[in-house]
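Naming: A, B, ... by sequence-line order, numbering from 1 per chain.
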Number of protein chains: 2
Amino acid sequence: MLSHILFYSLDKAIKQYRRFAQANIDRAGIAITIDQWLVLRVILEKDDLTQTDIGERVFKDQASVARIIRLLTQRGLLAAESLPHDGRRTRLRVTEEGQRTLEAVQPIVLSNRQLALQGLTEADQALLSQLLDRIYVNCSPASDSDNQA
Amino acid sequence: MLSHILFYSLDKAIKQYRRFAQANIDRAGIAITIDQWLVLRVILEKDDLTQTDIGERVFKDQASVARIIRLLTQRGLLAAESLPHDGRRTRLRVTEEGQRTLEAVQPIVLSNRQLALQGLTEADQALLSQLLDRIYVNCSPASDSDNQA
DNA sequence: GCAACCTTCATGATATATCATACATTCATC
DNA sequence: GATGAATGTATGATATATCATGAAGGTTGC
């Protein structure tokens with residue numbers, strides 16, 4: 001049975017969390033997706049990142065980040081100013097409305113996390129985090145120490 | 001930092017596992033996605049499921065399952081026979097080639113899981129599974145016992 | 001100052017996720 | 001057996017994921 005396979009539980013848990021989190025944002029009448037919110041948040045913290053940098057932080061590839069940025073810009077949550085010293089890039093700035101949206105979403109996200117983690121102790125959470133990171137490392141391409149010679 | 005948020009670790013771990021697993025299937029020269037493989041496998045086990053049934057088992061919605069089935073059929077891994085007693089449905093049958101593909105993928109999937117779980121004890125895995133299931137439950141719509149009155 | 005290379009970003013193609021809806025069929029009820 | 005509800009499937013619209021590639025700008029080395 002699939003339910004006994006760990007990766008199925010993993011997939012199931014994260015999918016359900018995302019549905020739950022998105023539903024709560026929708027219910028609050030805020031028009032933004034979880035992924036857009038995440039990217040917007042990263043840009044607010046540091047506005048001189050390339051799309052690849054942002055992708056590394058939110059664990060998305062550059063193409064996905066480019067499309068999310070385009071949507072955020074179209075919706076007026078993000079503005080792009082050209083950078084004089086590098087014609088390829090633009091400086092991304094979270095607009096007023098973007099900031100209002102981030103502020104509106106913030107308590108919902110905190111509440112989502114808290115609700116989703118009910119019944120898990122601090123120790124549970126620490127262990128869970130540690131095990132997940134181990135899986136991540138196990139699935140990552142061999143680092144330099146590993147594939148030389 | 002995002003790295004301290006559990007759901008970020010969760011997202012990161014499952015995404016990396018999926019990339020890793022898909023890369024290993026690709027490297028073996030087998031033309032199938034993880035999701036297609038999963039659906040095909042479920043159909044092999046039980047061939048009289050509706051798309052909604054399949055979706056429940058693999059944690060996808062009916063629309064996604066419909067599209068995956070269409071691709072599997074187009075690629076000759078799945079065949080549909082009409083059912084006399086219900087004009088809406090068809091009986092899905094995994095073709096010879098579908099079975100060969102499933103057999104070819106099986107050892108890769110087992111190896112993927114084993115590699116991804118290196119360093120996790122049985123107890124770790126059991127606990128992880130339990131914690132993930134708890135998150136799933138926490139994020140699931142209130143059950144009947146919960147939202148009455 | 002040019003050639004080769006690298007970086008940044010955009011986009012096409014394909015696959016999946018989600019919501020909504022349309023359509024046909026079946027079932028339940030009368 | 002006609003009708004309304006429920007079921008099964010397909011598909012449109014939009015968002016994200018992934019891979020590949022193209023185009024433009026920047027850097028390095030000569």
Side-chain angles (χ1 to χ4, degrees), chain A residues 11-12 14-27 31-40 43 48-56 58-75 77-78 80-92 141, chain B residues 11-12 14-27 31-40 43 48-56 58-75 77-78 80-92 141:
Chain A
D11 189 53
K12 196 169 145 184
I14 189 69
K15 277 188 184 169
Q16 196 71 352
Y17 174 70
R18 290 178 67 94
R19 289 174 191 171
F20 171 71
Q22 187 67 57
N24 287 335
I25 290 173
D26 293 348
R27 179 155 40 237
I32 195 169
T33 67
I34 303 265
D35 295 297
Q36 289 167 10
W37 169 78
L38 194 55
V39 168
L40 194 58
I43 293 170
D48 62 345
L49 299 171
T50 66
Q51 291 183 355
T52 305
D53 291 336
I54 296 171
E56 279 168 14
V58 301
F59 212 65
K60 299 179 181 298
D61 77 342
Q62 177 264 324
S64 296
V65 172
R67 287 170 173 126
I68 289 173
I69 286 176
R70 185 171 55 189
L71 286 175
L72 287 171
T73 305
Q74 284 171 3
R75 291 174 190 182
L77 306 185
L78 203 56
E81 303 162 358
S82 55
L83 279 180
H85 67 282
D86 191 335
R88 294 167 301 184
R89 304 186 44 192
T90 57
R91 194 172 84 93
L92 296 171
Chain B
D11 189 52
K12 195 169 148 185
I14 189 68
K15 276 189 185 169
Q16 194 72 351
Y17 174 71
R18 290 179 69 95
R19 288 173 191 172
F20 172 72
Q22 187 66 57
N24 287 335
I25 291 174
D26 293 347
R27 181 156 39 239
I32 195 170
T33 67
I34 304 263
D35 295 297
Q36 289 167 11
W37 170 78
L38 194 55
V39 169
L40 195 58
I43 293 171
D48 61 346
L49 299 171
T50 67
Q51 293 181 354
T52 305
D53 291 337
I54 296 170
E56 278 168 16
V58 300
F59 212 64
K60 298 178 182 302
D61 78 340
Q62 177 265 326
S64 297
V65 172
R67 287 170 174 125
I68 289 174
I69 286 176
R70 183 169 58 186
L71 285 177
L72 286 170
T73 305
Q74 283 169 1
R75 291 175 189 180
L77 306 184
L78 204 55
E81 305 161 359
S82 55
L83 279 180
H85 67 282
D86 191 335
R88 294 167 300 184
R89 304 187 42 192
T90 57
R91 194 173 84 94
L92 295 171

Checklist outcome for this item: Atom CD1 of I14(A) and atom C1' of dT16(C) are separated, to the nearest Å, by 16 Å
Checklist entry - Starting at CZ of R18(A) and ending at C1' of dT16(C), how long is that distance when rounded to a whole Å? => result 12 Å
Next on the checklist: Counting C-beta onward and ignoring hydrogens, is there a side-chain heavy-atom pair between L71(B) and Q74(B) closer than 4.5 Å?
Outcome noted: yes
Checklist entry - Could you state the CH2-C1' distance from W37(B) to dT16(C), rounded to the nearest angstrom? => result 17 Å
Next on the checklist: On DNA chain D, does the nearest nucleotide to K60(A) precede the nearest nucleotide to P84(A) from the 5' side, or the other way round? Give the residue.
Outcome noted: K60(A)
Next on the checklist: Within 45 degrees of the ring normal and closer than 6.0 Å to the centroid, is that where the cationic atom of R27(B) sits relative to F20(B)?
Outcome noted: no
Next on the checklist: Measure CD1/I54(A) against C1'/dT16(D) and give the value in whole Å, please.
Outcome noted: 16 Å
Checklist entry - What integer distance in Å separates I34(A):CD1 from dT16(D):C1'? => result 13 Å
Checklist entry - Roughly how many Å is it from NE2 in H85(A) to P in dA24(D), rounded to a whole number? => result 21 Å
Checklist entry - dT18(C) C1' sits how many Å from F59(B) CZ, rounded? => result 13 Å
Checklist entry - Mind checking what makes side-chain hydrogen bond (donor to acceptor under 3.5 Å, both in side chains) contact with R18(B), not counting sequence neighbours? => result D35(B)
Next on the checklist: If I take atom CG in residue D61(B) and atom P in nucleotide dG12(D), what distance separates them, rounded to the nearest angstrom?
Outcome noted: 16 Å
Item to check | Under 3.5 Å: donor-acceptor pair, side chain of Q22(A), backbone of I32(A) | outcome: yes
Item to check | Where protein sits on nucleotides 4-12 of chain C, one letter per nucleotide: B base, S sugar-phosphate only, - none, heavy atoms under 4.0 Å | outcome: ---BSBBBB
Checklist outcome for this item: Picking from dA17(C), dA17(D), dT18(D), the nucleotide nearest the side-chain atoms of R19(B) would be dT18(D)
Checklist entry - Under 4.0 Å between a side-chain N or O of K15(B) and OP1 or OP2 of dA17(D)? => result yes
Checklist entry - Taking for each residue the nucleotide of DNA chain C with the nearest heavy atom, is it L83(B) or Q36(B) whose nucleotide lies nearer the 5' end? => result Q36(B)
Item to check | Residue mapping more 5' on DNA chain C - nearest nucleotide basis, D26(A) or I68(B) | outcome: I68(B)
